[in-house]
Amino acid sequence: MNHTTQASYSEIQRFYGASARNEWRIFLSRFDLADGFALHALLLPSPAGAAVCEQSLADHLRGMGKQLLPLRATDEAALARLPEQLLNLRPEPGVGGLWIEWLAPDSQTFDRWEKACAQTLASLNQQRDRLQREQLLPVIMVGGPWLQTTLREAAPDLWSIRIKAVRLEPEAPLESPGALPSGNREITLAGDDEAAADPGYVLQQANKFRHHPELNPSRADLLLRAGKGFYLQGWPEMAEVALLEAGQIFQDLAKLGPGQFLPEIARARGNLAIALSALGRREEALAQAVEEVKLRVQLAQERPGVFRPGLAGSLNNLAICLSALGRLEEAVTKAEETVRVYSQLAQGRPGEFLPEWARARNNLATLLSKLGRHEEALAQASEAVGIRKQLAHKRPETHLPELAGALNNQAMMLTDLGRREEALAQTEEAVRIYVQLAQAPAEGYRPNLAQAYGMKGRILSGLERYQEAAAAFAEGIRALADHFQKLPQPFADIMGYLCKGYLDACAKASAEPDMELLAPVIQTFKQLEPAAAK
């Protein structure tokens with residue numbers, strides 16, 4: 001792999017998170033063996049990441065001595081011309097792919113834009129055989145997640161070519177029941193990897209759109225993610241500045257008129273709820289989450305095929321906000337509704353929504369556990385593991401991380417019921433998967449590995465196998481050490497839990513703790529003390 005391609009992978013990871021890096025690597029590998037026509041659907045949540053993806057693909061092709069040819073549909077008239085333009089295109093030798101953007105301009109209503117896209121796709125569908133015969137290049141269609149449904153419905157013959165779709169989104173909320181593998185099982189909304197690691201970079205990307213008002217929704221999303229990252233790094237003042245600016249942008253968008261930017265405003269309210277919750281402003285976060293659900297319900301009633309997935313996600317956000325305020329019964333009700341919606345979606349489109357269904361079940365299991373409904377919690381967690389195993393069997397490179405998280409969650413539910421031997425078997429399987437995943441260069445999984453080791457240590461302590469428990473906690477400390485020293489604030493809680501568990505287990509095993517292991521960790525905690533005092 002050349003240096004430029006490696007750098008482009010890093011850009012994808014910084015923008016979308018660690019799990020997207022592997023998905024993107026698989027996507028790029030398809031172009032290594034490209035021979036003739038192929039159709040790819042690249043589904044992105046907003047225009048903000050399209051430039052990053054386009055540059056990454058261009059860099060990859062350049063390393064093969066090829067170039068990427070962009071075709072941009074910037075308005076409805078350009079969409080109408082696209083079929084003829086594509087069919088009559090005769091690229092120069094050395095072109096390795098055609099990049100066609102279907103990202104809706106913000107000046108158009110979504111309904112009009114999607115209708116125009118559907119008409120264009122229907123026109124291309126009529127020319128499928130000619131397209132395959134004459135256009136001997138990979139074609140990448142770039143649009144929002146809605147493009148997949150529109151493509152399947154408006155162009156069934158094109159869809160029958162077995163279009164390869166890849167969907168990139170910022171990191172999903174952690175499935176594990178909170179930052180600590182301990183009694184504190186509050187569902188948390190983790191910050192995006194790139195925001196936590198380098199919020200200044202995310203803010204820089206947002207500032208690139210400052211003088212492009214048509215990109216304000218994307219800019220506001222980036223500001224929200226930067227604000228969350230600044231908060232995680234212990235810079236609340238900078239976090240508040242970014243979040244307030246994002247909030248002002250969304251308020252301005254909402255004034256454009258009834259029906260304008262409803263999907264964008266709904267997504268923005270959900271993101272703002274996440275950020276406000278991270279700043280401890282939980283009542284405000286709940287208010288935003290409630291408004292998001294109202295908008296999602298309206299959208300889903302008008303066009304269920306397109307907007308029901310968004311409704312499910314907003315219900316999950318609302319459950320999280322209610323849980324943070326201790327309103328657990330209400331949170332369970334919303335989480336159960338989330339599971340029902342994803343269940344219905346997964347029946348029609350299992351490849352797309354089975355992962356979301358599993359995630360919703362895990363979140364419901366966590367809430368049920370907090371209410372002491374442990375048998376019901378275990379049932380939900382076990383169902384999630386079953387779904388994850390099914391997915392990992394088909395595509396291990398994509399679904400193994402989620403399987404490991406589900407196993408760890410199931411282990412916690414088993415522990416609550418006193419079934420520690422069964423729990424130990426599940427968490428040991430999770431550890432094995434994370435050990436495999438955490439090998440360089442995929443070191444982003446080391447925090448997950450640390451949590452799994454923490455869960456293992458907790459179970460072994462409950463079995464009074466203290467020497468083994470100490471060894472497990474020590475492995476967790478080693479796995480997390482580099483991340484903790486680079487970014488102490490986000491990982492302070494889990495590292496504190498690991499160290500406490502390690503010292504307790506050592507004491508009960510009458511063993512001396514390894515101070516060489518603990519010394520750099522203690523030093524990092526000391527550096528955090530002045531920030532905590534402020």
Side-chain angles (χ1 to χ4, degrees), residues 17 19 45 145 167 169-179 185-192 221 224-225 228 263 265-278 282 284-300 304 306-347 349 352-371 373 376-377 379-381 383-384 387-388 391 402 405-406 409:
S19 60
R167 182 171 179 170
E169 292 183 320
E171 290 283 343
L174 287 177
E175 279 190 15
S176 60
R185 291 197 284 277
E186 180 175 333
I187 301 176
T188 62
L189 283 167
D192 301 317
D221 276 343
L224 286 172
R225 290 158 60 192
K228 182 72 180 290
I265 293 171
R267 186 180 71 249
R269 287 193 180 278
N271 286 345
L272 188 54
I274 292 169
L276 289 168
S277 180
R282 293 174 176 174
E284 295 173 76
L286 177 60
Q288 292 295 331
V290 168
E291 289 302 317
E292 180 196 11
V293 168
K294 290 179 181 178
L295 290 171
R296 297 289 188 186
V297 168
Q298 177 183 341
L299 290 165
V306 176
F307 292 115
R308 274 181 68 79
L311 172 60
S314 69
L315 287 167
N316 187 60
N317 275 355
L318 182 54
I320 290 167
C321 290
L322 288 165
S323 173
L325 287 166
R327 296 163 61 174
L328 296 180
E329 295 286 356
E330 297 170 80
V332 164
T333 299
K334 297 303 176 184
E336 288 173 337
E337 192 173 349
T338 304
V339 169
R340 284 195 295 272
V341 175
Y342 276 130
S343 171
Q344 295 164 1
L345 291 168
Q347 289 175 14
R349 292 148 66 182
E352 187 173 355
F353 291 111
L354 273 178
E356 302 297 338
W357 191 20
R359 181 174 293 113
R361 283 181 175 274
N362 258 344
N363 284 342
L364 176 57
T366 299
L367 289 168
L368 290 167
S369 179
K370 292 177 73 173
L371 282 171
R373 295 160 61 177
E376 296 173 77
Q380 293 294 334
E383 288 291 338
I387 296 170
R388 292 299 187 189
L391 292 167
E402 288 79 7
N409 208 38

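For the pair Ala335 and Ala319, the tightest heavy-atom approach, listed with the atom from each and the gap, is N-CB, 3.9 Å. Taking both residues in full, the closest heavy atoms of Ala365 and Ala381 are given as CB-N, 3.8 Å, listed atom of the first, atom of the second, then distance. Taking every heavy atom of both residues into account, Trp357 and Ala346 meet most closely at CE3-CB, 4.0 Å. The two residues Pro309 and Pro304 come nearest to each other via the heavy atoms CD-O, 4.4 Å. Taking all atoms of both residues into account, the shortest heavy-atom contact from Ala285 to Cys321 is O-SG, 3.9 Å. Taking all atoms of both residues into account, the shortest heavy-atom contact from Ala358 to Ala384 is O-CB, 3.6 Å.
You'll find the side chain of Leu318 reaches within 4.5 Å of the side chain of Leu322, heavy atoms only. No side-chain heavy atom of Leu299 sits less than 4.5 Å from a side-chain heavy atom of Leu311. Residues Pro355 and Glu402 are not in side-chain contact: their nearest non-hydrogen atoms beyond the backbone lie 4.5 Å or more apart.
Interatomic distance, CD of Gln298 versus CZ of Phe307, reported as 10.0 Å (0.5 Å rounding). Rounding to the nearest 0.5 angstrom, the gap separating the CD atom in Gln380 from the CG atom in Leu367 is 10.5 Å. To the nearest 0.5 Å, atom OG1 of residue Thr338 and atom CD1 of residue Ile320 are 8.5 Å apart. Separating the CG atom in Leu364 from the OG atom in Ser369 is a distance of 11.0 Å, to the nearest 0.5 Å.
Residue pairs meeting the side chain to side chain donor-acceptor pair (under 3.5 Å) criterion with at least one member in residues 324-336, sequence neighbours excluded: Arg327-Glu330. Sorted by first and then second residue, the salt bridge (charged side-chain N to carboxylate O under 4.0 Å, His left out) pairs with a member in residues 284-300 read Arg281-Glu284, Glu291-Lys294, Glu292-Arg296; sequence neighbours excluded.
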From CA spacing to verdict: side chain to side chain contact (heavy atoms under 4.5 Å, CB included), Arg361, Ile387: CA-CA 10 Å; Arg361 283 181 175 274; Ile387 296 170; 4.2 Å; yes

Verdict with supporting geometry, Glu376 and Leu371, side chain to side chain contact (heavy atoms under 4.5 Å, CB included): CA-CA 10 Å; Glu376 296 173 77; Leu371 282 171; over 6 Å; no

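In this structure a side-chain-to-backbone donor-acceptor pair under 3.5 Å is present from Arg282 to Ala324.
With sequence neighbours left out, the salt bridge (charged side-chain N to carboxylate O under 4.0 Å, His left out) criterion links Arg340 to no other residue. For Glu337, there are no side chain to side chain donor-acceptor pair (under 3.5 Å) partners, not counting sequence neighbours. Scored by the side chain to side chain contact (heavy atoms under 4.5 Å, CB included) test, Gln347 finds Ser343 as partners (sequence neighbours excluded).
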